[in-house]
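Data first, discussion second: the structure below is written as structure tokens.
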Amino acid sequence: MKSIPVALGDRSYDVRIEAGLLACAGEALAPLARGRAMPIVTDENLRPHLATLQSSLAAAGIASEAILLPPGEATKSWRQLEALTDRLLELGVERSDHVIALGGGVIGDLVGFATSIVKRGCNFVQIPTTLLAQVDSSVGGKTAINTRAGKNLIGAFHQPALVLIDPDLLATLDPRQVRAGYAEVVKYGLIDDFAFFEYCEANAAALLAGDSEARAYAIAHSVAAKARIVGEDERETSGKRALLNLGHTFGHALEAETDFSDKLLHGEGVAAGMALAFAYSARRGLCPTQDSQRVAAHLRSVGLPDGLAAAGITASGAALVEHMLHDKKMAAGTLPFLLARGIGQTFLDKTVELADVAGFLDAQSR
Ligand code: GLY
């Protein structure tokens with residue numbers, strides 16, 4: 001068992017990673033349950049994982065009640081938040097109790113936010129079932145729902161009490177979802193870890209084909225990187241945590257252009273967004289063109305989009321920049337961009353002119 005600490009003072013917790021962990025989760029959760037029941041929130045597609053988890057809890061003497069929600073992004077809504085918080089209150093959840101989020105980013109974000117407000121805050125445990133949730137959203141305490149005004153605009157920082165990652169759960173995940181999650185893995189190499197990017201280049205094919213050693217290593221390395229960054233800048237105030245948004249500003253515009261639909265999964269938007277961030281950095285003379293081309297080639301080689309065309313985007317630069325104006329990172333009329341001086345050398349640039357970005361995007365689609 002690999003255990004990675006997220007060091008946040010009295011909000012510190014461990015991320016435990018082990019193949020087969022779901023089937024023995026009860027043992028890991030018993031010290032938190034302390035004889036109390038643990039509600040499990042999951043989605044209707046995850047019944048087999050729910051059955052495994054409930055057997056394990058029962059074997060450890062922990063009572064559990066399943067709350068099943070519809071799968072999909074639409075579940076991160078006021079309506080589902082209201083229904084979930086009502087149900088948790090009906091179940092008599094107390095502040096010291098722990099609610100389990102068993103699912104991908106949608107379930108993790110919703111349960112995290114719900115538990116941040118039930119009785120002014122109770123505890124939750126993340127058991128992420130997608131690669132994207134395992135390497136990114138389950139760690140770090142960002143929780144949110146979507147509203148008419150946009151994605152993730154209503155939420156809270158609320159850290160889980162424990163994260164249990166079972167890489168074996170990826171075996172039943174749609175390969176497209178695994179590939180999309182892989183974008184967030186390679187992101188850690190692009191941010192500040194050239195050696196890990198080289199590892200990704202050499203091992204991505206094995207990882208995506210299901211090699212358990214490659215998956216376990218990549219997940220642990222990614223979680224350790226995220227834990228380090230979150231430990232330094234929990235609330236994204238110093239600029240360090242903002243590095244985790246590499247590719248997200250461009251990616252957000254592409255996702256908005258496709259109505260946040262299955263036409264472009266979040267991880268696919270991030271992949272195309274990272275390729276664009278490197279291409280834009282190269283165009284500005286900040287980053288060697290070879291590095292930008294190397295990033296695009298790697299993304300292409302694993303079947304991820306490496307730019308606008310591969311992401312199926314035909315919109316003009318002006319239209320894409322218009323989406324960026326609604327980005328929640330917009331501050332005092334300026335949108336900070338994550339750019340790069342090379343692979344593993346990402347930095348935050350607050351001087352980017354959106355008209356220049358529009359011109360760059362138009363040139364990309366010609
Ligand atoms: N997914 C970016 C972050 O957790 O800060």
Side-chain angles (χ1 to χ4, degrees), residues 4-8 11-13 15 73 76 101 103-113 115-116 124 126 128-146 150-160 163 165 177 180-193 196 218-219 221-256 260 264-274 277 327-331 335-340 346-348:
I4 297 168
V6 182
L8 291 168
R11 292 178 314 291
S12 296
Y13 55 96
V15 182
E73 189 71 27
K76 275 175 60 172
V106 167
I107 292 291
D109 280 11
L110 178 71
V111 175
F113 187 38
T115 53
S116 80
F124 80 118
Q126 292 265 24
T129 58
T130 64
L131 181 58
L132 193 135
Q134 293 186 345
V135 299
D136 182 32
S137 61
S138 66
V139 179
K142 278 190 180 175
T143 76
I145 58 167
N146 305 326
K151 268 185 80 170
N152 295 332
L153 294 180
I154 300 290
F157 285 98
H158 184 49
Q159 299 294 342
V163 182
I165 297 180
Q177 291 283 353
Y182 173 76
E184 299 278 2
V185 172
V186 74
K187 182 185 80 176
Y188 293 105
L190 297 178
I191 289 174
D192 63 358
D193 190 348
F196 186 58
I219 292 168
H221 196 90
S222 302
V223 167
K226 179 137 190 196
R228 172 175 48 81
I229 291 172
V230 169
E232 282 176 42
D233 182 20
E234 180 185 11
R235 290 183 168 245
E236 208 167 306
T237 44
S238 75
K240 186 76 192 180
R241 185 165 181 166
L243 296 178
L244 295 172
N245 297 327
L246 174 63
H248 284 60
T249 300
F250 284 107
H252 177 88
L254 309 189
E255 284 184 270
F260 298 97
L264 191 69
L265 300 178
H266 175 67
E268 294 168 343
V270 168
M274 292 191 299
D327 194 298
K328 63 181 169 305
K329 295 182 287 299
M330 194 88 188
L335 186 57
F337 274 77
L338 272 309
L339 301 182
T346 294
F347 69 100
L348 192 62

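Note that ligands are numbered from 1 as they come in the structure, with each ligand's atoms numbered from 1 the same way.
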Using heavy-atom distances only, which candidate in Leu244, Val135, Asp136, Ile229 approaches atom 1 (N) of ligand 1 most closely? Asp136

Using atom types as modelled and distance alone, determine if a side-chain donor or acceptor of Lys187 lies under 3.5 Å from a backbone N or O of Leu244. yes

Which residue supplies the protein heavy atom nearest to atom 5 (O) of ligand 1, what is that atom called, and how far is it? Arg241 NE, 2.7 Å

For atom 4 (O) of ligand 1, grab the closest protein heavy atom and report residue, atom and distance to one decimal in Å. Lys226 NZ, 2.5 Å

So, Asp327 side chain and Thr249 main chain: donor-acceptor pair closer than 3.5 Å or not? no

Is there a polar contact between ligand 1 and Lys142, counting only N or O atoms under 3.5 Å apart? yes

For the side chain of Tyr13 and the backbone of Val139, is there at least one donor-acceptor N/O pair under 3.5 Å apart? no

Check whether any side-chain N or O of Gln159 sits under 3.5 Å from a backbone N or O of Gly140 as a donor-acceptor pair, and report yes or no. yes

